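Excluded from the calculations below are hydrogen atoms, water molecules and symmetry mates; all remaining heavy atoms, backbone and side chain alike, are included. Residue numbering restarts at 1 for every chain, and letters A, B, ... go by the order of the sequence lines. Please read all numbers here as calculations on a predicted model, not as lab measurements.
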2 protein chains.
Amino acid sequence: MAKKNYQREDVLDNVIRLFWQQGYAASSIQQITKATGLKPGSIYHEFENKEKLFQEALGRYAAFSIDSIHQKMANATSVNMAIKQILTDLVEQSKACDYCGCFLIKTQLELASQGNTLYQFASAQLASIEKIYADYLSRVYNIEQARAYAAQLMTVIFGIRTYGYQADSANTITQTINALLPWLNEH
Amino acid sequence: MAKKNYQREDVLDNVIRLFWQQGYAASSIQQITKATGLKPGSIYHEFENKEKLFQEALGRYAAFSIDSIHQKMANATSVNMAIKQILTDLVEQSKACDYCGCFLIKTQLELASQGNTLYQFASAQLASIEKIYADYLSRVYNIEQARAYAAQLMTVIFGIRTYGYQADSANTITQTINALLPWLNEH
DNA sequence: GCAAATTTTGAACAGTCATTCCAATAATGA
DNA sequence: TCATTATTGGAATGACTGTTCAAAATTTGC
């Protein structure tokens with residue numbers, strides 16, 4: 001039998017970038033073949049169809065995001081400091097000229113109307129991220145307060161993820177975060 | 001000469017709904033002909049092409065949004081009360097089963113990567129809305145504070161516009177708004 | 001009531017879409 | 001070595017894309 005001449009993960013990483021930038025509908029299989037070097041036959045052999053490929057790419061992105069949260073929590077001196085770091089990193093990202101927001105949020109917005117499986121998947125991933133924040137925050141605050149702060153945090157993240165598309169928004173955003181989430185400076 | 005058998009505004013209203021729900025790429029001319037009752041020829045006769053049609057629809061949507069802000073400001077007892085009303089209306093909207101967020105935000109996210117004219121248009125409209133809030137707030141606060149509050153407000157609006165996609169989020173959002181923007185209760 | 005002007009119609013265009021198919025290729029197990 | 005099995009290559013599929021065009025239809029000004 002012929003040997004695979006690609007790594008599933010490498011393909012997915014290229015596909016993530018494409019779908020992330022352009023969205024689901026605007027990314028064609030032809031573009032995917034160019035970005036990955038795979039022919040249509042190989043793509044459909046390895047990943048059943050476009051939708052399954054997208055879902056797997058999105059799942060990989062979500063896993064990266066969640067890993068990144070845990071990593072920053074582990075490296076910071078406190079939960080609140082870790083969150084502050086996460087937010088400043090987000091602001092930093094938004095300065096890039098090829099900034100394209102959050103893949104999960106974009107998917108949610110693009111595919112919500114069709115009652116799509118992919119929308120539900122993206123939505124569930126975002127909910128699980130909120131839960132992760134709530135769990136960490138519950139080390140510092142009581143469970144009710146932790147959940148409330150996690151909801152605030154997600155709202156602000158959603159906010160800055162789209163405010164980031166505005167030109168020269170980085171400076172404003174930093175001040176905005178401090179004003180909206182004063183409790184981040186508590187511990 | 002044949003008489004027009006449609007009203008430009010009616011066509012646009014139908015088109016707004018379609019583009020708003022599905023986005024630019026996922027809405028085909030064929031769907032537009034169905035939604036409006038116009039044949040392709042008429043559409044291209046009245047609106048040069050798909051992009052121009054989209055832009056006009058988006059412009060009309062933006063004008064509605066801006067009108068709505070001025071209207072609520074006029075009807076409220078104070079600027080801060082008007083903003084509170086605007087936010088609770090937003091939360092109310094998010095409860096609808098056919099909720100599809102904000103057309104401007106969705107456009108911005110969908111079309112940002114291509115350096116698209118439509119993205120720039122959406123982004124500019126959102127910036128002008130922020131300016132409108134800043135102007136109203138400057139009646140109550142000094143200019144610097146007004147601008148800062150407007151940025152906070154926009155961030156929170158962006159946030160709840162996408163948090164609204166999460167299931168059963170309405171109750172949480174109301175509490176979140178109160179926590180994030182305590183100054184709304186000042187006047 | 002005729003000619004000019006404008007709009008509608010809907011078929012036709014070339015291109016692209018996601019997907020399929022199968023011959024060609026290459027590695028395995030016997 | 002040879003059949004079996006897994007994978008690739010790339011042309012072909014039919015459906016759909018945005019757009020164009022010329023003929024038909026209908027109102028206006030004269």
Side-chain angles (χ1 to χ4, degrees), chain A residues 1-59 107 110-111 113-119 121, chain B residues 1-59 107 110-111 113-119 121:
Chain A
M1 57 185 157
K3 200 177 175 184
K4 263 194 203 175
N5 55 7
Y6 57 85
Q7 297 277 73
R8 203 164 214 268
E9 291 77 16
D10 296 340
V11 174
L12 282 173
D13 287 339
N14 285 324
V15 166
I16 285 174
R17 204 171 311 135
L18 193 69
F19 277 135
W20 186 359
Q21 281 172 357
Q22 309 199 335
Y24 181 79
S27 303
S28 70
I29 297 291
Q30 197 171 322
Q31 287 178 307
I32 292 167
T33 61
K34 265 188 197 165
T36 61
L38 299 197
K39 306 290 169 182
S42 299
I43 292 173
Y44 280 82
H45 177 76
E46 185 79 21
F47 314 91
E48 216 166 314
N49 55 32
K50 187 183 171 184
E51 189 175 0
K52 293 254 170 66
L53 172 58
F54 185 92
Q55 171 140 358
E56 193 153 345
L58 189 58
T107 301
E110 182 187 357
L111 302 173
S113 76
Q114 300 148 36
N116 201 306
T117 319
L118 296 174
Y119 155 67
F121 182 73
Chain B
M1 59 187 157
K3 200 178 177 183
K4 263 193 205 178
N5 55 7
Y6 56 86
Q7 297 276 77
R8 203 163 214 270
E9 291 77 15
D10 296 340
V11 173
L12 282 173
D13 287 338
N14 285 324
V15 166
I16 284 173
R17 205 171 310 136
L18 192 71
F19 278 135
W20 187 358
Q21 280 172 357
Q22 308 199 337
Y24 182 78
S27 304
S28 69
I29 297 290
Q30 198 171 320
Q31 287 178 308
I32 291 167
T33 61
K34 265 189 195 162
T36 60
L38 299 196
K39 307 290 170 182
S42 298
I43 294 172
Y44 280 82
H45 177 76
E46 185 78 22
F47 314 90
E48 215 166 317
N49 55 33
K50 187 184 172 185
E51 189 176 359
K52 292 256 171 65
L53 173 58
F54 186 93
Q55 171 142 355
E56 193 153 344
L58 189 59
T107 301
E110 181 187 356
L111 302 173
S113 78
Q114 299 147 36
N116 201 307
T117 318
L118 296 173
Y119 154 68
F121 181 73

Sugar-phosphate, base or nothing in reach of A:K39, heavy atoms under 4.0 Å
base
Using 0.5 Å steps for rounding, measure from the CG atom of B:N116 to the CZ atom of B:F54.
8.5 Å
Residue met sooner reading DNA chain C from 5', once A:Q30 and A:E48 are mapped to nucleotides:
A:Q30
Take atom NZ of B:K50 and atom P of D:dT17, then tell me their distance rounded to the nearest Å.
9 Å
For A:Q55 against A:T117, the heavy-atom pair lying closest together
OE1-CG2, 4.4 Å
Kindly say if B:Y44 contacts the phosphate of D:dT19, meaning a side-chain N or O under 4.0 Å from OP1 or OP2.
yes
When you measure from the centre of the six-membered ring of B:Y24, is the NZ or CZ of B:K50 under 6.0 Å away and within 45° of the axis?
yes
Gap between atoms CD1 and P, on A:I29 and D:dG14 respectively (whole Å)
19 Å
Taking all non-hydrogen atoms of both residues, which atom of A:L53 and which atom of A:L12 are closest, and how far apart?
CD1-CD2, 4.1 Å
C:dT20, D:dT7, C:dA18: which one has an atom nearest the side-chain heavy atoms of A:P40?
C:dT20
So, for B:L58 and B:L118, which heavy atoms are closest and what is the spacing to 0.1 Å?
CD2-O, 4.4 Å
Under 4.0 Å, counting only non-hydrogen atoms across every strand here, what does B:E46 touch: a base, just sugar-phosphate, or nothing?
nothing
Send over the distance from B:I32 CD1 to D:dC16 P, rounded to a whole Å.
16 Å
Between atom CD in A:Q22 and atom P in C:dC17, what is the gap in whole Å?
11 Å
Would you classify B:S27 as touching base, sugar-phosphate or nothing, given that sugar-phosphate means primed atoms plus P, OP1 and OP2, and contacts are heavy atoms under 4.0 Å?
sugar-phosphate
Students often get this wrong, so: under 4.0 angstrom with heavy atoms, is A:S28 touching a base, only sugar-phosphate, or nothing?
sugar-phosphate
What is the separation between atom CG on A:N49 and atom P on C:dT19, rounded to the nearest whole Å?
5 Å
Indicate whether OP1 or OP2 belonging to C:dT8 is found under 4.0 Å from a side-chain N or O atom of B:Y6.
yes
Tell me the interatomic distance from A:Q7, atom CD, to D:dT7, atom P, rounded to whole angstroms.
13 Å
Given atom NE2 of A:H45 and atom C1' of C:dA24, what is their separation to the nearest angstrom?
15 Å
Roughly, in whole Å, what's the span from CG in A:L38 to P in C:dA18?
15 Å
